[in-house]
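Shown next, in structure tokens, is the structure this report addresses.
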Amino acid sequence: MRKRILSSLYQEKNFVSGETLSKRLGISRVGIWKHIQVLRKEGYVIEASNKGYRLMSAPDLLLPEELVGLDKKVYYFKEVSSTMDVARKLAQKGEEAIVIAETQTKGKGRRGRSWYSSRGGIYFSWILRPTISPSHAHLVNLLAGLSVAITIRKLFNIDTTLKWPNDVLINEKKVCGILAEMEAEADIVKFIILGIGINVNNDISGYIKSATSLKEQFGKNISKKKLFLQLMREIEKMQPYLANPQPIINKWKRFSSTLGRYVRIIMQDKILEGQAIDVDNDGALILKTKDETLKRIVAGDCIHLR
Ligand code: BTN
């Protein structure tokens, strides 16, 4: 209902009477007033006069009622431990939804690290159920990283690059991190939880030297809502390519700041150094080591050396 009230207020741009809203939405004027009170608590500034209600400003939060045009089930939290954990529980119950939080108290990063999730950033986990084999699941990381890089380039015309497998960088500093967790059975993926954290309006470089936020890059606040909705569209466009990844891999390579570089790859059981020479069709990195042997690396942490 609040989504519908907001959409009426957005449309009119001027006062809309309580009576019009009441007729349009089929609830009493008192009901409308109660919803207006809730919206105000959420941070909407809504003027009320004898002419009715007028929307003056909206908070830059990813409230479900703000995500107009997104036809997905959304679970929204002002604060949560980690959207990954909430999404996993929902996925296990068979849900296909997006879990969004304004802040996380236990944000999860790759390889057991934590993810700094202060207010102003975008943090969400999307439950995906692609019909692909577990050996192709890693591609989701590349697809998501590429979608974020494309979204930021499109909206802000700024050079974004990709560090294998999925960090999005601006001026060599990390602006977005991606974590994909999979549950599979025999030869099929049951679900993948795609977790994306983007530093948008939060101050980050003071806490993490190698990171940056969009606000730090542009010197002004960015609309989280606009960024999130565009990103959703980009990810949707990419999904069919999971079954036929060549075009995304080619595009990923054009955005890559890893290929051609000397890198250190930290894996569960070993560390390798060499030149990153290619990414294969499954998204694995091909590394040429000092002794000229080629190694295929499916997962690991990559550090750019030179
Ligand atoms: C990385 O280490 O680069 C991956 C970071 C992934 C962070 C996102 S924020 C939304 C989702 N919830 C989490 O707890 N982590 C992911």
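The chain is numbered in sequence order, starting from 1. Remember, it's 1-based here, ligands and their atoms both numbered in the order they're listed. The structure displayed is predicted, hence computed values, not measured ones. Only heavy atoms go into these numbers, but all of them, side chains included; no hydrogens, no water, no symmetry mates.
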According to side-chain hydrogen bond (donor to acceptor under 3.5 Å, both in side chains), who are the partners of Asp291, at least two apart in sequence or on a separate chain? Thr289, Thr293

side-chain hydrogen bond (donor to acceptor under 3.5 Å, both in side chains) partners of Lys23, counting only residues at least two apart: Glu19

Quick one: table the atom pairs, ligand 1 N or O against protein N or O, below 3.5 Å, distance rounded to 0.1 Å.
| residue | atom | partner | partner atom | Å |
| --- | --- | --- | --- | --- |
| ligand 1 | 2 (O) | Arg110 | N | 2.7 |
| ligand 1 | 3 (O) | Lys174 | NZ | 2.6 |
| ligand 1 | 12 (N) | Thr83 | OG1 | 2.9 |
| ligand 1 | 12 (N) | Gln104 | OE1 | 2.9 |
| ligand 1 | 14 (O) | Ser82 | OG | 2.7 |
| ligand 1 | 14 (O) | Gln104 | OE1 | 3.3 |
| ligand 1 | 14 (O) | Lys108 | N | 2.6 |
| ligand 1 | 15 (N) | Lys108 | O | 2.7 |

Taking atom types as modelled and ignoring hydrogens, do the side chains of [X] and [Y] form a donor-acceptor contact shorter than 3.5 angstrom?
X	Y	result
Arg153	Thr160	yes
Gln104	Thr83	yes
Gln230	Thr151	no

Residues in ring-ring contact (aromatic ring centres under 6.0 Å, His included) with Tyr116, at least two apart? Tyr207

